[in-house]
Asker: 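The structure follows.
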Amino acid sequence: MKKNSPWAGVYMALVLVLLYLPILVVVLFSFNSNPGRTANFQFEGFSMQWYENLFDPITGYGQALMNSLSIAFWSVLLSAVIGTLGAIGLARRPVRKSVLGKAGAAALSLGEQLAVLPIMIPEIILGIAFMALFTALKMSFGMVTLVLSHITFCVPYIFITVKGRLATLDPGLEEAARDLGASPLRALTTVTLPLALPAVISGCLLAFAMSMDDFVISFFVNGPTTTTLPLKVYSSVKVGVPPHVNALCTVMLVAVFFLVGMGQLLQARAERRRLKSVKADS
Amino acid sequence: MPVAERQALLSLRDLHKVFDTQEALSGVSLDVYEGEFLTLLGPSGCGKTTTLRIIAGLEMPSRGVVLLNGEDITSLPPEKRQVNTVFQNYALFPHMNVEKNIAYGLRMRGASRQEMKEATEKMLQLVQLEGYGKRQPSQLSGGQRQRVAIARSLVLSPRILLLDEPLGALDLQLRRQMQQELKRMQQSLGITFIYITHDQEEALGMSDRIALMRDGRFVQVGSPEALYEKPETAFAASFIGETNLLHGRAAAVRDDGVLMDVGGITLPADSDLWISLGDPLCLSIRAERLYMSAAPVKEPCQVSGILTESRYAGGERVCVIRLPDGQVLKSRHPTEGEVPCVVGDKVCLWWHQASAVIVRDDLEAAS
């Protein structure tokens, strides 16, 4: 193996510092004992005060977090159903080709492209479009409009990952299930869905992250009582960064690290168990 | 066997199947009887798999009817047919262990846990995989997966088991062993097998009847002996075994056969075909049914020519003889007591009239 140049290490360190330094600043100042209304980024002493009253109803962060979580939950849940069923339906295209004919197949392929398009359209356009549509429909802005618009950009993430997984599956498996006496629905629930499940979950995690993180689209379609976390943070930093925001970011950071760590741990354990069972058998 | 008196278990009536614009089946009709081992034999793309998929219900015929026990099942979905399939690539469920794979069909029928356990045990025993129940399909060899696929279908006691080139992915030795095992299973269970292969040797060795297919049609259906000894067409003669096709014209037509003129030589031949004087004829003679001698013999069926190739192959010798009119015959004969002939010699080939047969020449037409 080629020995790494010492410069490679320096380069790596530089990249890591550039990536994590801003984050470290946020973490550091979340413990600042500065009593002011906004963070002045002069470290005056250690304090847990911003954590203690982070979810004080007065700050509104708790409510915003709950809003974001429930919007993400409902959007992802509905997107998972739509995206997964869509991917399964389109994965069976060869069967339908003979029924639909050439024009039908072409239309289906166009529809598939269109379904993925929302993640490529600039968010600002989607945001304005949704606002215009919901206004035209005289819908009141709030939870429903937020979930509906989040679904449009969540579906493609799930659709793409599930479709990718299904493409690697043998179409004969579902036929085998039917052959062995399963109705189309039972073949779906006992064979296709369990095999697609890992892709559904990873698509959902991705979509969940996107929904939690979304600012632009939510900005255009949120209502008076449904401020999401990114919107809340944005509105509070307009007049200077409140120290609470540092604490909030740190909490979210820890949550993300925890989730990623858990995921890795579970995966490693599954892998170990698989290897062990192989060894035990041979 | 009094075939005509038995009621067919499965009947295919004039099946047609068109994919997009291509016709995969053009009029397939066949009766399959209880307990029979029937092989669909043919080159790839001849419509064997399409026929099997129509029987399984995985494909709808464009035209035609499928009857099971006299009942029309043409539009019945696969899950409602008492027919199960062993797929070419096995199609085992990768997220279930061997036991769960085998019990899948019973689970779909709503069998109890106890029933499933007992039936699975029995099946594992039948396919000689006791103790493998908890393994994942990915931990099995090709031959073992094959056995699981068979067990998974047989556990439902189907009226007919369909096997789509089940041994295609196995190496030669395992293939031979599985051929015997499949035949043993079929005989002991008495289940009707419809078996697909493109390997004529496999078809000859295992089948009660062979249905030879080509371009979406049956060329000939009959026992392995009938297909080998009495092929009806040049394609059937050359696809199964090794044969010589001798071309000539009808010089005289008699009640029991014809006199065939091959480049000036007149040969008598048996034929059931309707032949008129002067018709082009094609005579099929198996390579191993030809005898060679240095001098002409007192036989009605003989030709002479020049020995152009002589290859020693252990138990037998393969010779190529060119006739005066340019046609070439290949013969195989035992090396024991053979006539000493060298390349360039003039030799005589003869055969028993009954071992040669006039066939319909369908090879020129297709190419």
Side-chain angles (χ1 to χ4, degrees), chain A residues 88 91-106 108-109 162 165-201 270-282, chain B residues 17-22 24 52-53 55-60 62 77-98 100-111 131-140 149 152-156 158 161-162 164:
Chain A
I88 288 171
R92 289 194 200 143
R93 202 161 27 154
V95 183
R96 300 215 185 129
K97 201 168 169 186
S98 54
V99 183
L100 290 171
K102 226 175 214 163
L108 213 57
S109 151
V162 175
R165 168 75 178 154
L166 290 178
T168 66
L169 284 186
D170 175 9
L173 292 177
E174 208 166 307
E175 288 186 343
R178 296 287 304 279
D179 187 72
L180 292 166
S183 65
L185 187 67
R186 292 206 76 186
L188 186 72
T189 55
T190 56
V191 174
T192 312
L193 278 183
L195 288 170
L197 196 62
V200 175
I201 290 173
E271 180 67 12
R272 252 204 321 274
R273 201 180 303 155
R274 199 182 64 81
L275 286 176
K276 212 162 84 184
S277 72
V278 172
K279 214 186 279 169
D281 276 326
S282 56
Chain B
K17 177 71 189 178
V18 182
F19 287 115
D20 291 331
T21 53
Q22 221 185 345
L52 203 76
R53 287 173 62 83
I55 300 172
L58 298 168
E59 210 81 69
M60 274 287 278
S62 310
E79 66 267 24
K80 301 232 168 77
R81 300 187 182 199
Q82 294 168 289
V83 168
N84 292 112
T85 311
V86 176
F87 291 86
Q88 191 167 6
N89 58 358
Y90 317 140
L92 297 181
F93 304 127
H95 58 303
M96 299 180 194
N97 64 20
V98 169
K100 286 192 174 135
N101 261 287
I102 296 177
Y104 184 85
L106 295 173
R107 199 175 117 210
M108 291 302 117
R109 282 186 185 172
Y132 282 77
K134 300 286 181 221
R135 291 214 193 180
Q136 295 296 319
S138 58
Q139 296 169 275
L140 300 179
R152 186 177 69 171
S153 295
L154 281 180
V155 75
L156 295 172
L161 186 69
L162 308 171
D164 188 359

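All values reported here derive from a predicted model rather than from experimental measurement. Each chain gets a letter, A, B and so on, in the order its sequence line appears, and its residues count up from 1.
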Asker: Taking side chain as everything from C-beta outward and backbone as N, CA, C, O, which of these in Val86(B) sits under 4.5 Å from a heavy atom of chain A? Side chain, backbone, both or neither.
Answerer: neither
Asker: Tell me, side chain or backbone of Leu92(B) under 4.5 Å from chain A's heavy atoms, or both, or neither?
Answerer: backbone
Asker: Roughly how far apart are Ile88(A) CD1 and Glu174(A) CD, rounded to 0.5 Å?
Answerer: 7.5 Å
Asker: Top residue by heavy-atom pair count (under 4.5 Å) with chain B, among Ala177(A), Pro194(A), Gly172(A)?
Answerer: Ala177(A)
Asker: Please determine, among Ser153(B), Pro94(B), Ala56(B), Pro158(B), the option with the most heavy-atom pairs under 4.5 Å with chain A.
Answerer: Pro94(B)
Asker: Could you give the distance from CG (Leu154(B)) to CZ (Arg152(B)), rounded to the nearest 0.5 Å?
Answerer: 11.5 Å
Asker: Dump the intermediate steps for side-chain contact (heavy atoms from CB on, under 4.5 Å) on Thr192(A) and Leu166(A), then the final yes or no.
Answerer: CA-CA 8 Å; Thr192(A) 312; Leu166(A) 290 178; 3.9 Å; yes
Asker: Let me see the working for Leu180(A) and Phe93(B) under side-chain contact (heavy atoms from CB on, under 4.5 Å), right down to the final yes or no.
Answerer: CA-CA 12 Å; Leu180(A) 292 166; Phe93(B) 304 127; 4.2 Å; yes
Asker: Need one label for Arg53(B): side chain, backbone, both or neither, based on atoms under 4.5 Å from any heavy atom in chain A.
Answerer: side chain
Asker: What part of Asp170(A) is in contact with chain B, defined as an atom under 4.5 angstrom from a non-hydrogen atom: side chain, backbone, both or neither?
Answerer: side chain
Asker: Passes side chain to side chain donor-acceptor pair (under 3.5 Å), Glu79(B) versus Ser183(A)? Steps please.
Answerer: CA-CA 6 Å; Glu79(B) 66 267 24; Ser183(A) 65; 5.6 Å; no
